[in-house]
Structures are given as C-alpha cells and as structure tokens.
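Written below as structure tokens is the structure these notes are about.
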Protein chains: 2
Amino acid sequence: MSEDGVQEGAQEGAREGAQGRRGGRRQERGRRRMEQILDAAEEVVAEQGFEDTTTNAIAARAGVSPGSLYQFFRNKEEVLDGLVERYTATSREFWSTRLSDGTARMSAEELVRSVLTGVSEFKTRRPAFWVLFHGSAASPRLERVASSIRADIGRRLTEVFLLRAPGADPARMELLAAMCIATVQGVFPMVMEAGEERRAEIVVELTRMLAGYLGPEIGAEPPA
Amino acid sequence: MSEDGVQEGAQEGAREGAQGRRGGRRQERGRRRMEQILDAAEEVVAEQGFEDTTTNAIAARAGVSPGSLYQFFRNKEEVLDGLVERYTATSREFWSTRLSDGTARMSAEELVRSVLTGVSEFKTRRPAFWVLFHGSAASPRLERVASSIRADIGRRLTEVFLLRAPGADPARMELLAAMCIATVQGVFPMVMEAGEERRAEIVVELTRMLAGYLGPEIGAEPPA
DNA sequence: TCAAAATACGAGCGATCGCTCGTAAAAGCA
DNA sequence: TGCTTTTACGAGCGATCGCTCGTATTTTGA
C-alpha cells in the first residue's frame with residue numbers, strides 16, 4: 001500500500017448506482033441515517049403534500065442538519081426516489097404474500113375485496129404512499145414518480161390475472177390491470193375522505209364495479 | 001394640501017376594499033383585462049402545471065404588469081378561483097345542451113359513450129380543465145379547487161340519473177354519480193397518454209365498465 | 001497510533017416568487 | 001374644464017427554499 005497511495009480506484013465503480021454521494025463506501029451508521037431521513041420524508045410528505053415538502057423540513061424531522069441530508073442524497077428528487085424505491089420493495093412483499101395462497105380459487109369479488117382491504121392497510125402503514133401513487137396532472141415531477149409506482153403494481157396484478165386465466169392474452173390482462181389500478185386510484189380518495197360506515201358502502205360499490213368488469217374474463221372457474 | 005402634509009387619514013378607510021375587486025365598480029376595460037388574465041392563466045397552468053404556475057408568468061403571458069394583475073385579483077388563489085368559476089359556468093352549458101335531448105331514451109352504454117366523448121372534447125377546448133379536475137392528494141390547495149369542480153359535475157350527473165330513473169333514491173343516484181366521476185378521473189389519464197387507436201380501445205373498456213356498473217339501476221327502460 | 005474517509009453541523013448564498021408601493025396615464029363625471 | 005376613480009406600470013421588498021461550504025467530529029483501516 002505504501003507504493004503510491006491511490007488504490008481505491010478499483011472499488012468506486014460498485015456503489016455509485018443508487019443514491020447519495022458517488023464513490024462513497026457507506027458505513028452502517030450512514031445507512032441508518034438514510035432510513036431515518038426517508039422515514040422523516042414519509043411523514044412530511046403525508047402531512048404537507050408533495051410540493052409543500054421542503055428538504056429543510058425533512059432534515060429537521062429526521063433530527064439532522066440540512067448538510068447531513070445532502071451527504072446522502074444529492075438533491076430533493078433523489079430523496080423522493082428513495083421513497084419510491086422503498087415502496088416498490090415493500091409492495092413486492094405485499095403482493096407476493098397476498099397472491100401466494102388460494103387467489104386462483106377466489107371469486108372475482110373475493111379477489112377484489114381482498115386486494116382493496118390490503119391496499120387500505122398498506123395506506124395506513126405508509127401514509128405517503130397514497131400521495132405518490134395518486135400522482136397529479138398538475139405536477140410533472142410527481143407524475144413521473146407516480147407512474148413508475150403504478151407500473152410496478154400493474155406488473156404484479158397482471159401476473160395474478162394470468163394465474164387465474166392461464167390461457168388469456170397477456171397484453172389483454174395488462175390492459176385490465178391498468179384499468180383496475182386507474183379506477184382504484186380515482187375512487188380511493190372517496191373512501192379515505194368518507195366516514196366509517198360510508199366507507200364500507202363505497203368499498204362495496206367499488207368492489208361491485210370491478211368485479212363486474214373483471215368477471216367475464218377473470219371470474220373464478222365454477223367450483224362445481 | 002401643503003398645510004400639514006398629513007391629511008389623507010380620512011381617505012384610508014375607503015381604500016381597503018378597493019384594492020381587490022370587492023366593491024367592484026369595474027369598467028368595461030377592466031372586465032376585459034380580467035378575461036385576458038384568466039386566458040393567460042389557463043395557458044400557463046396547462047403548460048407548467050398547477051404548482052409551477054407563477055403570478056408573474058401569468059401576468060407576462062397576458063401582456064400585463066404584475067401590479068395590474070393584483071389590481072383585479074387579490075392573490076394567486078383568487079386567479080385560480082376565477083378559472084374555476086369560468087369552468088363551472090361553461091360546464092353548465094355543456095351539460096344542459098348534452099342532456100336536454102333524448103338522454104332518457106339512450107341505453108346506459110350510449111349515455112356513457114356520449115358523455116365520455118363530450119368530456120374529451122371539453123378537455124381539448126380547455127386545456128387546464130383536466131389539471132384542475134384531476135386534483136391531487138399531494139396538494140391541499142389544488143384538491144380544494146378540484147373537489148369543488150367535481151361536486152358541480154356530480155350535481156349535474158345526479159340530475160341525469162334521476163331523469164332516467166325517476167323513482168330512484170336521490171342519495172343513491174348521488175353516490176352512483178360520484179363513483180362514475182371518480183372512475184373517469186382515474187382512467188382518463190390513460191386515455192390522454194395513449195396513442196390514437198389505443199385510445200379508442202381504452203374508451204371501450206371504460207364504457208364497458210361504467211355501463212356494466214350503472215346498467216342494473218340506470219339502464220334504459222325496455223324499448224318494447 | 002494516525003491519517004484518510006465518512007459523517008455531522010448550521011449559517012447563509014443565490015435564486016425564485018408572491019405581492020407591494022409610489023407613481024402616472026386613461027376614463028367617468030361635474 | 002377640473003376632480004375622482006379606475007387602470008397601468010415595474011422595480012424591488014420580504015420571505016422561502018434548495019443547496020453549498022468551511023469546519024469539526026467519529027469511524028475505518030493499516
């Protein structure tokens with residue numbers, strides 16, 4: 001090592017991909033800090049909305065100086081990208097556990113209801129998820145983020161549909177999935193704004209609409 | 001006037017309301033300027049999005065100084081409120097012409113298709129409408145605006161439903177209308193982003209979904 | 001033990017944006 | 001014609017926000 005000093009060149013390529021300062025070998029402490037910052041971002045986005053979220057507010061919520069935040073994220077957008085990454089990872093687990101068991105045997109209505117309650121739970125656990133999922137025609141930045149989240153969910157849902165209708169055209173199933181996701185995106189705010197009993201009523205409506213829509217193509221095989 | 005310098009104290013009370021538009025003894029020229037400013041706001045919102053729209057940009061687009069803008073609108077939000085007001089007025093015409101004729105005789109599918117093409121046209125004529133209608137969970141301000149627009153459309157649509165199903169429960173029809181509006185809000189971005197032929201395909205899907213949902217309660221009376 | 005790297009701080013820079021203010025020209029009214 | 005009101009201007013104030021920079025502390029690795 002004494003020869004020339006510079007010998008870290010071999011390493012720097014490995015890490016640079018995701019986020020934060022380039023070429024940096026991150027310590028355990030740093031990785032924890034990044035999670036803290038993302039947790040804080042989650043809270044602030046859920047409370048203030050996407051556009052009103054400031055980096056200083058995120059840093060303060062995380063109990064960290066603005067400078068420290070930029071130690072790990074190059075700019076505000078990268079923080080949001082970090083949130084999205086966490087969501088898609090979590091959503092991956094969510095769907096796999098929810099689809100591994102007997103979804104193929106469910107009626108379309110049971111399937112829809114099961115997924116809807118799942119989404120509802122997820123939204124409670126991750127308050128900012130809905131904001132990023134819903135997106136907005138008003139904000140190009142947010143829409144970019146939202147459509148990437150929806151695309152990921154679309155892929156999962158397409159798999160489920162193909163599992164239930166093995167002979168079907170994949171492109172067709174993709175379209176059905178996209179329609180369902182868009183519909184839920186549109187209707188879910190109603191669910192959230194409504195009171196407790198009203199909420200159940202709307203979920204019933206949404207279930208009826210989607211089950212009716214999917215039924216002919218994704219309906220359960222007759223249990224005979 | 002030279003006597004004491006300070007003698008405008010008697011006037012200042014009258015001044016407070018005049019700034020904005022409250023006690024509006026507005027001249028013809030002023031009313032035209034307001035329309036110009038709203039036109040400019042329409043363009044800028046459609047191009048930049050809701051949050052990225054600045055009052056200075058609106059003024060510049062309208063060919064007016066920032067000061068002049070604030071001669072007519074007390075703040076940014078009032079400009080957006082003005083846009084919404086124009087929309088609800090235009091939407092009033094839109095619905096009344098679209099509902100005055102034989103909507104009661106149409107099948108649910110025809111009705112849905114007719115409304116959808118209408119919305120599509122409207123969106124082309126008023127580019128910023130979609131932005132304000134779609135709203136966003138990410139922006140409390142925008143959501144306020146959007147929900148007021150949706151509420152107005154909801155009232156119109158409820159009327160149509162009641163016209164087609166005179167015996168039905170009004171509250172029930174209101175719920176159906178809200179569901180339809182939310183669904184369209186969710187799915188329409190897909191329509192807009194898609195290419196020409198793809199677009200028709202999605203509209204067919206949306207029509208099928210809504211017609212299937214409404215059919216049992218709003219379907220046409222048997223023509224027999 | 002010690003230098004390099006990673007982590008941490010926080011004041012504040014530069015840019016933006018909503019909006020004001022002093023001023024002055026056009027329009028209504030006597 | 002004069003006086004008031006409305007319309008018009010545009011530089012710039014005050015506040016905010018994303019982000020930087022100089023510096024100090026902790027951890028790593030040899």
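Here is how names work: the chains are called A, B, and so on, in the same order as the sequence lines, proteins then strands, and each is numbered from 1.
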Would you mind reading off the distance between B/Asp52 atom CG and C/dG18 atom P, rounded to a whole angstrom?
10 Å
Should the ring pair B/Phe122 and B/Tyr87 be called parallel, tilted or perpendicular, given that the plane angle runs from 0 to 90° and is split at 30 and 60?
perpendicular
Taking CD from A/Gln48 and P from D/dC17, how many angstroms apart are they, rounded to a whole number?
10 Å
To the nearest angstrom, how far is A/Glu78 atom CD from D/dG18 atom C1'?
14 Å
Would a distance-only check, ignoring hydrogens and angles, find a side-chain to backbone donor-acceptor pair under 3.5 Å from B/Lys76 to B/Thr53?
yes
Given atom CD of A/Glu77 and atom P of D/dC17, what is their separation to the nearest angstrom?
18 Å
When the ring planes of A/Phe133 and A/Phe129 are compared, do they come out parallel, tilted or perpendicular, using 30° and 60° as the limits?
parallel
Which whole-number value in Å describes the distance from A/Gln71 CD to D/dC19 C1'?
13 Å
Please examine the side chains of A/Trp130 and A/Pro189, heavy atoms only from C-beta on, and report whether any two atoms are closer than 4.5 Å.
yes
Please state whether the phosphate of C/dA8, meaning OP1 or OP2, lies under 4.0 angstrom from any side-chain nitrogen or oxygen of A/Arg33.
yes
Is A/Gly67 touching bases, backbone alone, or none of the nucleic acid, heavy atoms closer than 4.0 Å?
base
Could you please name the option among D/dC19, C/dT7, D/dG10 that lies closest to any side-chain atom of B/Pro66?
D/dG10
Given DNA chain C, 5'-ward residue of the pair A/Ser68 and B/Thr55, judged by closest heavy atom
A/Ser68
Measure the distance from NZ on A/Lys76 to C1' on D/dT16 and round it to the nearest whole Å.
12 Å
Distances under 3.5 Å only, N/O to N/O: pair up the protein atoms with those of nucleotides 26-30 of chain C.
none

Test your reading of the model: is there a side-chain donor-acceptor pair from A/Glu42 to the backbone of A/Ala128, 3.5 Å cut-off?
yes
Roughly, in whole Å, what's the span from CD in B/Glu51 to C1' in D/dT16?
15 Å
Phosphate contact (C/dT7 OP1 or OP2) by A/Arg26 side-chain N/O below 4.0 Å:
yes
Tell me the interatomic distance from A/Arg25, atom CZ, to D/dT26, atom P, rounded to whole angstroms.
23 Å
Taking the minimum atom-to-atom distance to the side chain of B/Thr54, which one of D/dG18, C/dC17, D/dA8 wins?
C/dC17
Value for CE (B/Met192) from CD1 (B/Ile202), rounded to nearest 0.5 Å, stands at 10.5 Å
Residues A/Asp152, A/Arg92: salt bridge by 4.0 Å N-O rule
yes
